[in-house]
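Worksheet for the structure shown next.
Per chain, numbering begins at 1; letters A, B, ... match sequence-line order. What's counted below: heavy atoms across the whole structure, side chains too, no hydrogens, waters or symmetry copies.
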Amino acid sequence: MVKLVAALERLLVSYGPRGWWPLPSLAGTPGRDANGYALGPSLPVGPGGGAIDRSLRFEIAVGAVLAQNTAWSGAERAVAAVAEAGALSPSPMLALPAGELEDLIKPAGTFRIKAGYLRGLASAWTELDEGVPTRGELLALPGIGFETADCVLLYAYGEPTFVADAYARRLLSRLGHAIDGRSYEGARRYAEDLLPLEAPYLAEAHALIVEHCKLRCRARPLCDGCPLATDCDVHAKAN
DNA sequence: CGCCAGGCAACAC
DNA sequence: GTGTTGCATGGC
């Protein structure tokens, strides 16, 4: 079995910091880097790296919904289109005619459903965002499930949360951790018992896990050259 | 062409 | 509570 902290360390060395969460509406604007993070005196300020203001929190929540079961490239274009239309805040979003929001977010797929989710999010957001929302409050919104709620808590509010998505569960399982059959919440608590409960760490961990699982630890794993291959069970069996 | 992508809700059992 | 299905565009 590969220890989770050791695996994450190797992923960080191999891939470098991923810099999630990207903020497409701000990327490339003055004072922002390619991910939309504010350029500070030393380190970039952004999700996991500093205070996140009100408008960015909403953008992150919108992005999290639009990214569901969709390549990030599509979600990113959809967020940018909403921003371009001036609708990347609750009131303007709610003021859009019914079909227009759908048209704006088409690149993200499942656009009729997601438009309804975004309306529900926009309706509840201002009150919800007065403080740090609880997981239960987020889960009560339409279209916000376990993974989306945790992404919002982690990347928008800096709450230390492990995003136990399908990638993370696949990786943990392949590294020899006995999480088969565990629910999302079971896997989340399992991982949180193994890791430092600090938002920047968990934010980078999630991003690295997604990167690694897209590049190598796919449904059909590409173990050749994998940074975790030396003592990963899957690699041992496949070779 | 088929398969998958930062999932979720509704429904079946 | 676990399993299955619809949703829909875009990249490879």
Taking C/dC7, B/dG6, C/dT9 as options, the one with an atom nearest any side-chain atom of A/K106 is C/dT9
**Item:** Presence of A/T110 side-chain N/O under 4.0 Å of B/dC8 phosphate oxygens OP1/OP2
**Value:** no
Open item on the list: Say we look at B/dC4 and C/dC7: how far apart would their C1' atoms be, to the nearest angstrom?
Closed with: 15 Å
By a 5.5 angstrom centroid cut-off and a 30 degree plane limit, is there stacking between A/F146 and B/dG7? no
Rounded to whole Å, the CD1-P distance (A/I113 to C/dC7) equals 7 Å
A/L66 CG to B/dA5 C1', in whole Å, measures 14 Å
For the residue pair A/W72 and A/W20, is the inter-centroid distance of their aromatic rings smaller than 6.0 Å? no
Nearest-nucleotide check on DNA chain B, A/Y167 vs A/L139; residue mapping nearer the 5' end is A/Y167
- Query: So what does A/R77 touch, heavy atoms closer than 4.0 Å: a base, only the sugar-phosphate, or nothing?
  - Reply: sugar-phosphate
A/E147 atom CD is separated from B/dA9 atom P, nearest whole Å, by 12 Å
For B/dC8 versus C/dG10, give the span between their P atoms, rounded off to a whole number of Å. 22 Å
From the candidates B/dC8, B/dG6, C/dT9, the one with an atom nearest any side-chain atom of A/W21 is B/dG6
Q) According to the interplanar angle, ranging from 0 to 90°, do the rings of A/W125 and A/Y157 count as parallel (below 30°), tilted (30 to 60°) or perpendicular (above 60°)? A) tilted
Does the side chain of A/L202 reach to within under 4.5 Å of the side chain of A/H206, using non-hydrogen atoms? no
- Item | Interatomic distance at C1', B/dG6 relative to C/dT2, whole Å | 24 Å
For A/T70, report the nucleic acid contact type (base, sugar-phosphate, nothing); a contact means any heavy atom under 4.0 Å.
base
Margin query: Mind checking if A/I60 touches a base, just sugar-phosphate, or nothing, with heavy atoms under 4.0 Å?
Written below: nothing
From CG of A/N69 across to P of B/dC3 the rounded distance in Å is 15 Å
A/E76 atom CD is separated from C/dG11 atom P, nearest whole Å, by 12 Å
| field | Touch class at under 4.0 angstrom, heavy-atom based, for A/G143 against every strand present | value | sugar-phosphate
### Query
For A/K114 and C/dC7, is the shortest distance between a side-chain N/O and OP1 or OP2 below 4.0 Å?
no
From CZ of A/R220 across to C1' of B/dG2 the rounded distance in Å is 14 Å
Any side-chain N or O of A/R112 below 4.0 angstrom from OP1/OP2 of C/dC7?
no
Atom CG of A/D150 and atom P of B/dG6 are separated, to the nearest Å, by 18 Å
Just distance, no hydrogens or angles: give the donor-acceptor pairs under 3.5 Å from side chains in residues 77-99 of chain A, sequence neighbours left out.
none

With sequence neighbours left out, the residues meeting side chain to side chain donor-acceptor pair (under 3.5 Å) with A/R218 are none
* Between A/E185 and A/R188, is there a side-chain N and carboxylate O pair less than 4.0 Å apart? -> yes
Quick note, A/W72 side chain, CB onward, closest among B/dG6, C/dC7, B/dA9 is B/dG6
Whole-Å distance, A/R218 CZ to C/dG11 C1', equals 12 Å
Heavy-atom nearest nucleotide on DNA chain B taken for A/C213 and for A/P142; more 5' hit belongs to A/C213
Notebook entry, point to check: Quantified in whole Å, what is the C1' atom distance between nucleotide C/dG11 and nucleotide B/dC1?
Noted result: 14 Å
NA contact type, A/A67, heavy-atom cut-off 4.0 Å: base, sugar-phosphate, or nothing? sugar-phosphate
